[in-house]
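In this text, all values refer to a predicted model and were calculated from it rather than measured experimentally.
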Amino acid sequence: MEDTTLKGKYAVGVFVDIEGVFDCAPFQKLCDAARKHGVDETLIKSIYAMLTQRLLYMEATKGCPQGGALSPLLWSMLISSLLCKLQNLPIHVQAYANDVAVLAVLAVGRNLGMARNT
């Protein structure tokens with residue numbers, strides 16, 4: 001990335017902080033994602049119980065505990081199918097918890113150079 005301008009290229013980055021992911025992830029989708037990643041069914045049942053049987057002042061139907069030790073892992077399993085699809089593109093994708101960075105190197109084409117100079 002550092003020497004892209006020396007090679008006549010541009011580095012483009014998109015940085016996304018997905019708001020509310022831990023509060024909005026559906027329990028069943030989290031369990032389905034764990035299943036896709038080969039997590040043992042007994043452990044999935046324990047995770048489901050942890051999510052649904054926690055002490056709250058209202059009924060929870062979705063979301064991971066904010067600050068919970070498993071929450072980033074559960075979200076990572078949920079978003080991994082999207083990240084796998086992005087791997088087939090000529091870009092670099094990095095994700096941690098609810099933050100995603102997408103980086104691409106673009107060659108400077110004739111049209112891009114003309115648009116830049118106008």
Side-chain angles (χ1 to χ4, degrees):
M1 288 288 184
E2 291 110 17
D3 62 353
T4 55
T5 55
L6 296 175
K7 294 180 180 178
K9 299 179 179 183
Y10 284 103
V12 179
V14 176
F15 302 90
V16 181
D17 182 351
I18 305 169
E19 188 176 336
V21 296
F22 295 115
D23 298 330
C24 297
F27 296 154
Q28 193 56 52
K29 295 283 187 188
L30 292 168
C31 292
D32 292 345
R35 221 172 261 111
K36 274 179 77 172
H37 284 275
V39 176
D40 184 74
E41 196 63 36
T42 303
L43 183 54
I44 292 172
K45 289 178 182 176
S46 294
I47 291 169
Y48 186 79
M50 177 205 66
L51 293 171
T52 59
Q53 297 174 14
R54 52 193 156 137
L55 181 59
L56 298 172
Y57 295 105
M58 63 182 158
E59 182 180 350
T61 58
K62 61 183 179 180
C64 302
Q66 196 70 30
L70 280 179
S71 297
L73 175 63
L74 293 172
W75 171 249
S76 294
M77 287 191 292
L78 187 61
I79 197 173
S80 71
S81 61
L82 170 64
L83 298 177
C84 288
K85 289 177 185 175
L86 292 176
Q87 284 182 341
N88 296 327
L89 300 174
I91 58 176
H92 174 75
V93 179
Q94 185 71 41
Y96 177 75
N98 63 326
D99 297 313
V100 180
V102 180
L103 302 171
V105 175
L106 306 172
V108 177
R110 177 178 278 172
N111 293 337
L112 181 59
M114 289 173 52
R116 184 183 53 158
N117 293 327
T118 56

Original post:
Rounded to the nearest 0.5 Å, how far does OG1 of Thr52 lie from CZ of Phe27?
Top reply: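 So the CZ of Phe27 and the OG1 of Thr52 are separated by 6.5 Å.
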
Original post:
What distance separates Leu86 CG from Gln94 CD, expressed to the nearest 0.5 Å?
Top reply: 12.5 Å

Original post:
With sequence neighbours left out, what residues match Asn88 under side-chain hydrogen bond (donor to acceptor under 3.5 Å, both in side chains)?
Top reply: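 So Asn88 forms no side-chain hydrogen bond (donor to acceptor under 3.5 Å, both in side chains) with any residue.
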
Original post:
Can you name the nearest heavy-atom pair linking Ala104 to Ile91, along with the distance?
Top reply: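 Here Ala104 and Ile91 meet closest at CB-CG2, 3.7 Å.
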
**OP:** Could you tell me which non-hydrogen atom of Val39 sits nearest to which non-hydrogen atom of Ile44, and how far apart they are?
**Re:** O-CD1, 3.4 Å

Are [X] and [Y] packed together at the side-chain level, in the sense that at least one heavy-atom pair is separated by less than 4.5 angstrom?
X	Y	answer
Leu74	Ile47	yes
Leu51	Leu30	yes
Val100	Val93	yes

Subject >> Where at least one partner belongs to residues 27-41, residue pairs that pass side chain to side chain donor-acceptor pair (under 3.5 Å), sequence neighbours excluded >> reply: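 Of all non-adjacent pairs touching residues 27-41, those that pass side chain to side chain donor-acceptor pair (under 3.5 Å) are Gln28-Asp32, Asp32-Arg35, Arg35-Glu41, His37-Ser80, Asp40-Thr42.
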
Subject >> Residues in side chain to side chain contact (heavy atoms under 4.5 Å, CB included) contact with Leu73, at least two apart in sequence or another chain >> reply: Leu70, Met77

